[in-house]
Amino acid sequence: MAQERERGITIQSAAVTFDWKGYRVNLIDTPGHVDFTLEVERCLRVLDGAVAVFDASAGVEAQTLTVWRQADKHKIPRICFLNKMDKTGASFKYAVESIREKLKAKPLLLQLPLGEGKAFKGVVDVVSKEKLLWNRPSEDGKDFERKSLLETSDAELLKETTEARNDLIEQIADLDDEFADLVLGEFSENFDLLPTEKLQAAIHRVTLAQTAVPVLCGSALKNKGVQPLLDAITMYLPSPEERKYEFLQWYKGDLCALAFKVLHDKQRGPLVFMRIYSGMIKPQSAIYNINGNCTERVSRLLLPFADQHIEIPSLTAGNIALTVGLKHTATGDTIASSKSSALAAARRAGREGEKQHRQNNEAERLLLAGVEIPEPVFFCTIEPPSVARQPDLDYALKCLQREDPSLKVKQDPDSGQTVLCGMGELHIEIIHDRIKREYGLETYLGPLQVAYRETILNAVRATDTLDRTLGDKRHLVTVDLEVKPTETPSVTPIIKYAPSVSEDLPKVSQEAIENGIHSACLQGPLLGSPIQDVAITLHSLIIHPGTSTTMISACVSRCIQKALKKADKQVLEPLMNLEVTVMGDYLSPVLADLAQRRGTIQEIQTRQENKIVIGFVPLAEIMGYSTVLRTLTSGSATFALELCNYQAMNPQDQATLLGRRSGLNQVL
């Protein structure tokens with residue numbers, strides 16, 4: 001993307017397929033920036049293994065932790081690659097230590113660097129005791145020489161490598177019983193005689209079990225260390241056959257694929273990226289989308305080679321395909337060959353569930369394991385250059401939403417404006433830029449707003465009666481309910497019924513009541529923000545025969561609004577985890593600035609010459625922080641933000657916020 005080239009960061013994940021030494025590798029490059037967490041989440045969903053790339057001069061950074069936790073959640077085996085070994089300040093030892101300390105992982109050193117910073121010229125392969133040197137003439141790193149370490153010329157290096165290899169063998173023997181038996185049996189006297197193949201097989205097993213992570217190093221800029229990394233990927237990370245997916249047994253070899261990304265191509269229309277788990281896919285074949293409950297036709301099948309696409313006649317399990325012609329498929333949809341095949345799989349899953357006394361919805365959830373989409377924290381209005389261009393803007397936003405589910409678009413019911421909801425300042429800025437470049441629309445963004453929430457502090461009881469006559473029908477509902485704060489945080493309202501109500505409540509009425517409750521909790525009495533952390537108990541409900549469900553919903557909704565107005569109300573604001581990396585000289589102005597922003601400092605760590613400030617700060621106070629931070633530190637500091645939770649505002653700040661909002665409304 002043009003934006004990626006300008007900013008030098010990854011925004012959208014890109015897929016590429018290539019062959020390496022007889023293996024087919026499907027590689028997906030994912031972004032590291034916190035605003036694009038969803039891109040990482042949806043790619044991890046379809047990966048078999050991952051390579052975590054670190055900056056050797058910084059080690060584990062804030063965003064590394066987030067991505068690492070996501071990989072843990074999806075149980076993905078991984079390899080660590082310490083990049084930028086030729087950067088000034090690179091430290092192999094420090095980076096490995098930070099992996100051990102912060103990620104609580106066990107690093108297996110498979111390589112040692114030859115020199116660091118400007119002096120970096122190659123790596124030592126600890127497993128085979130060889131050195132790999134990249135010589136000057138080739139700038140692209142294609143040519144390198146592999147030499148065995150000899151007593152005569154590399155005595156010191158050989159001694160260091162042998163020690164590292166012995167440590168590696170002991171580490172793996174602790175983690176893998178099969179390898180421990182081999183080491184203690186035949187090779188207990190001399191580890192040097194242990195064959196390389198046996199050691200590699202053990203590293204492969206340990207990586208798959210996720211008890212340790214192999215660590216390699218190099219420099220991607222000059223392609224130093226890339227070939228050994230590719231060898232390690234094919235040797236230690238799992239092939240599709242080695243990953244056990246529970247839901248595959250139910251498909252019995254039929255097609256099962258997950259759509260994990262949608263791109264809009266000017267010529268071809270929507271391109272859908274799919275990971276095929278079982279069966280095969282062909283062009284001109286009909287496929288069934290389980291989530292959308294619709295059948296679509298794949299017109300063409302492509303293999304992604306970065307921005308080049310190659311047409312292919314068919315593709316089998318374990319691959320990543322690009323399909324053309326799917327109109328309704330979106331991110332996170334499960335694809336099967338036909339509706340009957342999907343139903344058969346669901347039946348098998350159901351039978352399996354009964355055997356293990358599981359609920360049936362567990363089986364359904366496995367079939368449709370999609371992508372969890374985080375809640376947006378920023379929102380702002382967007383307007384087209386003229387009313388005539390509104391349909392074009394709606395179309396552009398519809399396309400962008402299919403590509404990026406973390407972007408939400410809604411209409412403001414009061415002003416009728418279109419509101420964009422996103423993951424952060426950068427996210428909304430990129431969307432704005434893309435609408436301009438890809439759809440040729442000069443749009444106007446309103447000021448960024450923060451997504452507040454509201455709650456109540458005490459229990460309140462309210463009664464309401466709705467009595468209407470429409471035509472010759474009388475609609476009469478009387479509701480008596482109690483709203484109270486919950487002990488544990490809950491985004492949606494917890495609904496309870498008094499025994500007298502729940503005994504003979506028809507399902508239709510129950511749905512109407514719940515719809516009324518949910519719609520009432522979307523707009524709170526203070527700011528019109530969603531209400532959270534409330535429990536609602538229905539004490540009595542009297543419905544006149546023939547009353548419509550809409551009237552029941554309306555009455556319940558009105559009664560809750562009444563109760564909320566009576567209660568003591570509280571605004572909750574999003575609190576962000578903040579991590580600032582700053583040079584020691586600039587630490588005090590940064591801390592002083594954070595104190596003004598109602599920030600709380602948890603700890604200050606030291607990383608080589610830098611200080612790492614870790615703390616919390618309310619999102620409302622961090623608008624435009626990047627510019628201020630650059631000014632304070634002459635452009636030398638960086639920061640990372642992610643949503644921590646929602647916390648109650650203190651009365652003074654809340655009063656200021658409400659005053660500002662109501663003042664704004666009066667002016668309008």
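Between F616 and C644, the closest heavy-atom pair is CE2-SG, 3.7 Å. Between L632 and V590, the shortest heavy-atom distance links the atoms CD1-CA, 4.5 Å. The minimum heavy-atom distance between C521 and P493, with the atom names listed, is SG-CG, 3.9 Å. When all heavy atoms are compared, the tightest approach of I531 to G524 is CD1-CA, 3.5 Å. When all heavy atoms of A567 and I456 are compared, the pair lying nearest together is CB-CG2, 3.7 Å. Annotation for A563 and V483: closest pair CB-CG2, 3.8 Å, computed over non-hydrogen atoms.
Not one N or O on the side chain of R453 forms a donor-acceptor pair closer than 3.5 Å with the backbone of P530. Side-chain atoms of N223 do not come within 3.5 Å of backbone N or O of V226 as any donor-acceptor pair. Here the side chain of E383 pairs no donor or acceptor atom with the backbone of Y444 at under 3.5 angstrom. Judged by distance alone, with hydrogens and angles left aside, the side-chain atoms of K104 form no donor-acceptor pair with the main-chain N or O of R100 at under 3.5 Å. With D533 contributing its side chain and S490 its backbone, the two residues share a donor-acceptor pair below 3.5 Å. Without hydrogens or angle criteria, N458 side chain to D568 main chain gives a donor-acceptor distance under 3.5 Å. Using modelled atom types, one side-chain atom of Q111 and one backbone atom of C217 make a donor-acceptor pair closer than 3.5 Å. Checked by atom type and distance alone, the side chain of R437 never pairs as donor or acceptor with a backbone atom of I435 at under 3.5 Å. The backbone N or O of A330 lies less than 3.5 Å from a partner atom in the side chain of D333, making a donor-acceptor pair.
Both the sub-6.0 Å distance and the 45° axial angle are satisfied by K410 relative to the ring of F379.
Under 3.5 Å, the side chains of D394 and Q390 contain a donor-acceptor pair of N or O atoms. Side-chain contact of Q411 with Q417: a donor-acceptor pair under 3.5 Å is absent, judged by distance alone.
Within 6.0 Å of NZ in K106 there are 12 or fewer heavy atoms belonging to other residues, nucleotides or ligands. Taking a 6.0 Å sphere around CD of Q652, one finds it holds 12 or fewer heavy atoms contributed by other residues, nucleotides or ligands.
Within the model, atoms CD of E403 and CZ of R434 stand 4.5 Å from one another, a figure rounded to the nearest 0.5 Å. The CZ atom of F92 sits 11.5 Å away from atom CD of E97, with the distance rounded to the nearest 0.5 Å. In this structure, D404 CG and L400 CG are separated by 8.0 Å, a value rounded to the nearest 0.5 Å. With values rounded to the nearest 0.5 angstrom, L229 atom CG is found 10.5 Å from L82 atom CG. Atom NE2 of residue H427 and atom CG of residue L420 lie 9.0 Å apart, to the nearest 0.5 angstrom. Summarising the geometry, atom CG belonging to L47 is positioned 11.0 Å from atom CZ belonging to R78; distances are rounded to the nearest 0.5 Å.
Using the six-membered ring where Trp is involved, Y395 and Y439 have ring planes that are perpendicular, over 60° apart on the 30 and 60° scheme.
Taking the side chain as every heavy atom from C-beta outward, L237 and D48 never approach each other to under 4.5 Å. The closest side-chain heavy-atom distance from Y94 to V96 is not below 4.5 Å. Between Q70 and L65 there is no side-chain heavy-atom pair separated by less than 4.5 Å. Residues F54 and V60 are in side-chain contact: their nearest non-hydrogen atoms beyond the backbone lie under 4.5 Å apart. Looking only at side-chain heavy atoms (C-beta outward), E454 and L527 come within less than 4.5 Å of each other. Side-chain contact between H264 and E438 is absent, with no heavy atoms from C-beta onward closer than 4.5 Å. Using a 4.5 Å cut-off on side-chain heavy atoms (C-beta onward), L322 and M274 make no contact. F81 places none of its side-chain heavy atoms less than 4.5 Å from the side chain of I233.
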As a quick check of understanding, evaluate salt bridge (charged side-chain N to carboxylate O under 4.0 Å, His left out) for R598 and E573, giving each step before the final call. CA-CA 12 Å; R598 298 191 282 132; E573 65 176 348; 2.9 Å; yes
CA sep, side-chain torsions, deciding dist, call: T486, Q532, side chain to side chain contact (heavy atoms under 4.5 Å, CB included): CA-CA 9 Å; T486 56; Q532 69 173 39; over 6 Å; no
Check the pair I495, H518 against side chain to side chain contact (heavy atoms under 4.5 Å, CB included), reporting the backbone distance first and the verdict last. CA-CA 10 Å; I495 303 167; H518 287 299; 4.1 Å; yes
Quick one, D392 with R389, criterion salt bridge (charged side-chain N to carboxylate O under 4.0 Å, His left out). Give me CA distance, side-chain angles, the key distance, then yes/no. CA-CA 5 Å; D392 299 342; R389 302 299 303 268; 2.8 Å; yes
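Evaluated for a side chain to side chain contact (heavy atoms under 4.5 Å, CB included) with I601, the options V617, L591, I614 yield exactly one hit, L591.
For F639 and Y625, the distance between ring centers is under 6.0 angstrom.
Between D86 and K118 there is no salt bridge, since no side-chain N of the basic residue sits under 4.0 Å from a carboxylate O of the acidic one.
Partners of D29 under the salt bridge (Lys or Arg N to Asp or Glu O under 4.0 Å) rule, at least two apart in sequence or in another chain, do not exist in this structure.
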